[in-house]
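Contents: one structure, followed by commentary.
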There are 2 protein chains.
Amino acid sequence: MLRLKPNMIKYSKQTRLLLAVDCIIFGFDGDTLKILLIKRGFQPEKDKWSLMGGFVQPAESLDQASNRILKQLTGLEGVYLEQLHTFGNPLRDPIERTISVTYFALIDINKYEQQLSSDYHPEWFPLKRVPKLIFDQQDMVELAKKRIRYKAALHPILFELLPAKFTLPQLQSLYESVYNTTIDKRNFRQRVLATGLLIKLDDKDKSASKRGAYYYQLNMQHYYANFQAFLNFIPNPGNLL
Amino acid sequence: MLRLKPNMIKYSKQTRLLLAVDCIIFGFDGDTLKILLIKRGFQPEKDKWSLMGGFVQPAESLDQASNRILKQLTGLEGVYLEQLHTFGNPLRDPIERTISVTYFALIDINKYEQQLSSDYHPEWFPLKRVPKLIFDQQDMVELAKKRIRYKAALHPILFELLPAKFTLPQLQSLYESVYNTTIDKRNFRQRVLATGLLIKLDDKDKSASKRGAYYYQLNMQHYYANFQAFLNFIPNPGNLL
DNA sequence: TATTGTTAGTGTATCCTAAACACTTTAAAA
DNA sequence: TTTTAAAGTGTTTAGGATACACTAACAATA
């Protein structure tokens with residue numbers, strides 16, 4: 001295959017722009033869906049609440065950049081991270097035009113809490129009480145909320161917010177808080193167990209009740225095989241691939 | 001509100017990158033779903049089949065850029081255009097790192113055919129016979145195919161591919177070709193008409209049969225109101241907003 | 001040790017939507 | 001008039017979603 005030296009040709013007349021990645025990081029504390037914000041460390045808007053972000057470096061892909069940024073703040077690797085949308089309004093950053101590729105992350109909030117990332121003064125905010133954010137980051141958060149609801153209605157992504165072992169009451173509470181609704185316990189258990197995605201364990205979580213609730217874990221085989229098909233809203237999901 | 005002069009502060013140490021928009025343009029000729037490709041007009045890969053694209057200009061947003069590019073090629077404005085994904089692999093363009101924000105467009109192929117855009121030597125290719133494309137554009141097309149199938153299973157976007165007046169056999173043929181399947185005529189009509197989205201007109205299209213098929217048009221009120229809810233795959237779609 | 005309080009866990013009847021299924025109508029062309 | 005090709009139309013059946021209420025476990029307390 002033909003290889004060209006980097007400087008043989010250039011798109012010399014075109015403008016070059018700054019490119020950043022911003023992460024909307026979701027966590028679930030057992031009760032409320034939250035996002036993780038930091039105090040911005042540099043001008044402009046220094047010390048204002050902001051998403052965790054950073055500039056894309058010359059040798060890294062966008063996925064790599066988002067993983068690096070997420071790790072910087074949370075210490076976590078290999079978590080669920082998905083590209084959301086790219087924001088490119090010319091005036092969105094008052095200093096200099098900057099394109100922002102946004103990603104949303106779903107993390108196990110317990111794993112995070114063991115980490116230290118004090119430089120950024122991070123704080124979890126319930127989705128209903130997100131403070132004013134810089135630039136157009138409000139829009140980014142809104143879009144991420146929509147996307148997570150949309151996607152979770154069709155695919156089993158919410159498990160990414162729970163520990164490896166979780167109980168059905170925990171899972172139900174998660175769904176209820178994502179969709180801001182209540183679900184009948186019996187129907188919920190029936191549907192979720194019918195997917196074959198869960199493996200019942202022998203031990204119980206006794207932290208939330210005297211009786212204790214059985215732990216479950218994901219059947220990872222089924223999880224990957226049925227990720228597209230989860231709640232069967234789409235007929236013949238194979239056709240969509 | 002505070003206004004800063006452009007040069008007061010700059011993110012001076014960061015690398016700036018080229019930013020392009022590429023459009024995956026879908027059309028339906030009554031039989032097959034197709035995409036519109038051009039012969040690339042400059043180096044590298046001059047004269048190879050390529051998506052229609054262009055660099056983002058300093059004063060335009062990403063949406064504006066995609067609309068400009070789409071109009072350049074097709075002459076069309078106000079068509080369905082949706083941001084798809086941003087591709088930013090460092091080596092995707094061998095000359096110089098270029099970020100590509102992709103959009104997919106759904107156009108009425110008949111409106112297009114009246115336009116002239118000979119500079120680009122554009123050609124329609126059935127989705128199953130797309131030629132080799134430059135860079136990572138093959139991936140872009142694959143992703144766009146997935147997205148259109150995914151989205152059309154939940155929202156009435158496929159109407160954007162048809163003329164304002166269309167027949168039910170045409171619509172069914174469109175769905176069948178998007179999902180590469182066959183659908184029972186009676187069930188299809190029942191479901192589609194039950195949405196209340198279609199208004200039956202008095203005249204018929206006699207081009208495809210002796211008997212002729214009644215024309216329908218969209219009820220635009222319902223169309224916008226029910227865009228999120230179309231086929232009711234998602235319960236309480238209001239919750240998703 | 002009996003009672004109370006709180007959460008976990010379970011089954012069935014009903015309804016509604018999706019799927020399967022075949023014949024009649026229309027109108028031009030032969 | 002007969003033939004041909006596509007348009008148009010209803011009903012039955014099956015399966016999944018929804019509604020719904022009581023029992024079990026266990027610790028704390030009286």
Side-chain angles (χ1 to χ4, degrees), chain A residues 30-31 152-154 162 165-177 179 181-217 226 229-240, chain B residues 30-31 152-154 162 165-177 179 181-217 226 229-240:
Chain A
D31 182 51
L154 302 165
L162 295 173
K165 289 167 56 176
F166 52 86
T167 67
L168 290 184
Q170 279 167 13
L171 184 65
Q172 180 172 350
S173 155
L174 172 55
Y175 272 87
E176 289 179 339
S177 92
Y179 292 104
T181 184
T182 57
I183 309 176
D184 180 273
K185 204 178 9 172
R186 292 159 290 189
N187 293 339
F188 180 80
R189 298 171 81 97
Q190 231 173 339
R191 277 186 79 170
V192 169
L193 292 176
T195 64
L197 227 60
L198 300 190
I199 299 170
K200 188 177 185 176
L201 303 179
D202 290 329
D203 52 338
K204 288 181 167 185
D205 167 35
K206 299 220 166 191
S207 66
S209 77
K210 297 158 186 168
R211 179 177 179 180
Y214 281 106
Y215 280 118
Y216 287 78
Q217 66 179 31
N226 296 336
F230 188 43
L231 292 176
N232 290 330
F233 283 127
I234 299 181
N236 308 320
N239 289 340
L240 301 181
Chain B
D31 181 52
L154 302 165
L162 295 174
K165 288 167 56 176
F166 53 87
T167 67
L168 291 183
Q170 278 166 15
L171 183 65
Q172 179 172 350
S173 154
L174 172 55
Y175 272 87
E176 289 179 337
S177 90
Y179 292 104
T181 185
T182 58
I183 308 175
D184 180 274
K185 204 176 12 171
R186 289 159 290 186
N187 292 340
F188 181 80
R189 298 171 82 96
Q190 229 174 336
R191 278 186 78 170
V192 169
L193 292 176
T195 65
L197 226 61
L198 300 191
I199 299 170
K200 187 176 184 174
L201 303 180
D202 290 329
D203 52 338
K204 289 182 166 185
D205 166 34
K206 300 219 168 191
S207 66
S209 76
K210 296 158 186 168
R211 180 177 178 181
Y214 281 106
Y215 279 119
Y216 287 78
Q217 68 180 32
N226 295 336
F230 187 43
L231 291 176
N232 290 329
F233 283 126
I234 298 181
N236 307 318
N239 289 341
L240 300 182

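Note on naming: letters A, B, ... go to the chains in the order of the sequence lines (proteins, then strands), and numbering restarts at 1 for each one.
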Atom CZ of B:Phe188 with >12 non-hydrogen neighbours under 6.0 angstrom: yes
Atom-pair distance ([atom1] on [X]; [atom2] on [N]), nearest Å:
X        : N      : atom1 : atom2 : result
B:Asp203 : D:dA7  : CG    : P     : 16 Å
A:Phe166 : C:dA8  : CZ    : C1'   : 16 Å
B:Glu176 : D:dA6  : CD    : P     : 13 Å
B:Tyr215 : D:dA6  : OH    : C1'   : 15 Å
B:Tyr214 : C:dA27 : OH    : C1'   : 13 Å
A:Phe188 : D:dA17 : CZ    : P     : 14 Å
B:Ile183 : C:dA20 : CD1   : P     : 12 Å
A:Arg191 : D:dG15 : CZ    : P     : 18 Å

Could you tell me whether B:Lys165 and B:Asp205 have a side-chain N and a carboxylate O separated by less than 4.0 Å? no
Do any side-chain nitrogens or oxygens of B:Arg189 fall under 4.0 Å of OP1 or OP2 in D:dG10? no
Counting only N and O atoms by type, is there a donor-acceptor contact under 3.5 Å from the side chain of [X] to the main-chain atoms of [Y]?
X        : Y        : answer
B:Tyr214 : B:Leu168 : no
A:Gln217 : A:Leu198 : no
B:Tyr175 : B:Ile183 : no

Please find the pair of heavy atoms, one from A:Ala213 and one from A:Thr167, that lie closest to each other, and give the distance. O-CG2, 3.6 Å
Can you give one letter per nucleotide of nucleotides 20-30 of chain D, 5' to 3': B if a protein heavy atom sits under 4.0 Å from the base, S if only from the sugar-phosphate, - if neither? BB--BBBB---
